[in-house]
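Counting starts at 1 for both ligands and their atoms, following the listed order. The analysis underlying the following values was restricted to heavy atoms, covering all of them including side chains, and did not include hydrogens, waters or symmetry mates.
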Amino acid sequence: MTRYGFIGTGSMGSMLIKQFIKTGKIVPAEITASSKSGISARSLAGKTGISAVSDNRTLAKIADVLFICVKPLEVRGVLKEIRGELKPGTLLVSIAACVSLANLGEWAGDTVRCVRLIPSLTAEQHAGISLVVWGRGVRPEDKSLVLNLLHTIGTTVETDEDSLEVCTNLTSCGPALIAAMMKEFAKGSVRTGTIPSELAEYLVRETMAGTAGLLTGGEMTFDGVVKRVATEGGSTEEGVKVLQARLPAVMDDVHGALFAKRRLVEKRVEDEK
Ligand SMILES: NC(=O)c1ccc[n+]([C@@H]2O[C@H](COP(=O)([O-])OP(=O)(O)OC[C@H]3O[C@@H](n4cnc5c(N)ncnc54)[C@H](OP(=O)(O)O)[C@@H]3O)[C@@H](O)[C@H]2O)c1
């Protein structure tokens, strides 16, 4: 039996555990989790039937596959704590942004095989993209195991660390960025003074869900949807022209802001002792 460990049972750790159980990929008896206070891990254990342990070292001793689901600034401390306890042959899967494979190798030890996984909240809907980057020494059977787990919670895209950051902007930050953009779209209609915000948000949400349906599976492209709706000479075409004129600069700023923040976090990750 493969034993799965999860250090960190916050938003993402608990989401992954619940989804892997829900899709039948892992049975609760195979999962042990820990958290900083122990409260979230115990609470999740009560709800799902997994085991919770009160310290990370105990977990490291038993896990064959160990998910690190703590904030970037906590990763070094956690790995330092468990380094001497890791089972020989452990596969380490870190979901932390801003913590490189080089960092993981340095802090966990060269013998540990490391994978970076960037999940997305969309996995709660069994949709969207999980990004993976394989570290040195990761074996074909490790890849099969990870890909087999992930394929029930959306689509997995294998990438490299150079592309990971910009892909992360689209897939992992994406749900928040898309929701924020759609909120502004709705607010624009409320400013006309003719409809309340609840109605505007409802209309946008439903339209967004329908548009996602049109785009799913690549049946229609973005351009295809625009062409079908924004017919030549119509009013939608005028709205699209405004977006095309103004949004490139906004989008450059959005990506730029994400990159800048990550440089700051990476520096703190490096400086953290
Ligand atoms: N949020 C996203 O959409 C998203 C997407 C992709 C990747 N990520 C990455 O996922 C990671 C976790 O993010 P999150 O949003 O799930 O954070 P979160 O909700 O704050 O959860 C962090 C978890 O880490 C635990 N923790 C902190 N220090 C610990 C320690 N020393 N030992 C054991 N457990 C410890 C916390 O314990 P307590 O419960 O006791 O506080 C908590 O359960 C981050 O590195 C982030 O970069 C997030």
Side-chain angles (χ1 to χ4, degrees), residues 5-20 31-48 50-63 66-83 85-86 92-101 103-104 107-108 114-125 127-133 146 150 153-157 159 161 164-180 258-259 261-266 268-270 272-273:
F6 285 77
I7 297 185
T9 45
S11 170
M12 283 291 131
S14 64
M15 187 271 283
L16 289 175
I17 291 172
K18 284 183 196 158
Q19 293 305 317
F20 292 151
I31 302 179
T32 307
S34 62
S35 66
K36 190 169 196 164
S37 64
I39 297 170
S40 61
R42 283 198 300 276
S43 158
L44 193 65
K47 286 179 198 147
T48 60
I50 66 166
S51 304
V53 290
S54 56
D55 77 290
N56 299 331
R57 283 200 286 258
T58 307
L59 187 60
K61 280 182 193 151
I62 58 170
L66 183 57
F67 286 83
I68 304 293
C69 305
V70 302
K71 294 275 191 199
L73 292 176
E74 310 279 357
V75 177
R76 184 199 286 252
V78 165
L79 292 181
K80 207 171 147 194
E81 183 190 355
I82 62 172
R83 183 180 172 130
E85 310 292 342
L86 287 165
L92 193 90
V93 183
S94 165
I95 71 163
C98 302
V99 178
S100 65
L101 285 167
N103 292 144
L104 296 171
W107 303 335
C114 298
V115 178
R116 287 187 69 186
L117 159 66
I118 304 292
S120 170
L121 188 61
T122 53
E124 283 193 355
Q125 293 294 315
I129 304 285
S130 301
L131 298 168
V132 285
V133 182
V146 172
L150 295 178
I153 61 167
T155 303
T156 306
V157 170
T159 183
E161 276 191 313
L164 184 66
E165 191 176 8
V166 74
C167 293
T168 297
N169 292 356
L170 302 177
T171 62
S172 177
C173 311
L177 299 175
I178 291 168
L258 294 168
F259 294 146
K261 177 68 180 188
R262 290 205 196 98
R263 295 297 81 78
L264 284 178
V265 177
E266 278 167 6
R268 288 182 63 200
V269 165
E270 289 291 338
E272 198 81 3
K273 290 284 176 270

For [atom], closest protein heavy-atom neighbour:
atom	answer
atom 47 (O) of ligand 1	Ala97 N, 3.1 Å
atom 19 (O) of ligand 1	Ser11 N, 2.9 Å
atom 36 (C) of ligand 1	Lys36 N, 4.1 Å
atom 10 (O) of ligand 1	Ile95 CD1, 3.2 Å
atom 4 (C) of ligand 1	Met12 CG, 3.4 Å
atom 11 (C) of ligand 1	Val70 O, 3.4 Å
atom 39 (O) of ligand 1	Ser40 OG, 2.6 Å
atom 31 (N) of ligand 1	Val78 CG2, 3.6 Å

With a cut-off of 4.0 Å, which atoms of ligand 1 are near a heavy atom of [X]?
X	value
Thr9	43 (O)
Pro72	44 (C), 45 (O), 47 (O)
Glu74	28 (N)

Which distance, rounded to the nearest 0.5 Å, do you find between the [atom1] of [X] and the [atom2] of [Y]?
X	Y	atom1	atom2	result
Ser51	Ile31	OG	CD1	9.5 Å
Phe259	Glu165	CZ	CD	5.0 Å
Ser94	Ile118	OG	CD1	7.0 Å
Leu79	Cys114	CG	SG	8.0 Å
Glu161	Arg116	CD	CZ	5.0 Å
Leu44	Ile17	CG	CD1	5.0 Å

Which residues pass the salt bridge (charged side-chain N to carboxylate O under 4.0 Å, His left out) test with Lys61, sequence neighbours left out? Glu85
Is ligand 1 less than 4.0 angstrom away from at least one heavy atom of Asn56?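 Judged by the 4.0 Å heavy-atom criterion, Asn56 does count as contacting ligand 1.
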Ligand 1 contacted by Cys69 (non-hydrogen, < 4.0 Å): yes
If you measure every N/O of [X] against every N/O of ligand 1, is any gap under 3.5 Å?
X	answer
Ser34	no
Gly10	yes
Ile39	no
Ser172	no
Ile7	no
Ser37	yes
Pro119	no

Should the ring pair Phe6 and Phe20 be called parallel, tilted or perpendicular, given that the plane angle runs from 0 to 90° and is split at 30 and 60?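 Aromatic pair Phe6/Phe20 classed tilted.
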Counting C-beta onward and ignoring hydrogens, is there a side-chain heavy-atom pair between [X] and [Y] closer than 4.5 Å?
X	Y	result
Leu101	Val133	yes
Thr156	Ile129	no
Ile7	Val70	yes

Where's the contact between Leu121 and ligand 1, heavy-atom distance under 4.0 Å: side chain, backbone, both or neither? neither
Which pairs would a plain distance check flag for residues 9-16, meaning a side-chain donor or acceptor within less than 3.5 Å of a matching protein atom at least two apart in sequence or in another chain?
unit_1 : atom_1 : unit_2 : atom_2 : d
Thr9   : OG1    : Ser40  : OG     : 2.7
Thr9   : OG1    : Ala41  : N      : 3.2
Ser14  : OG     : Gly10  : O      : 2.6
Ser14  : OG     : Ser11  : O      : 3.4

Lys/Arg N to Asp/Glu carboxylate O, Lys71 vs Glu74, below 4.0 Å: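 Answer for the salt bridge query: no.
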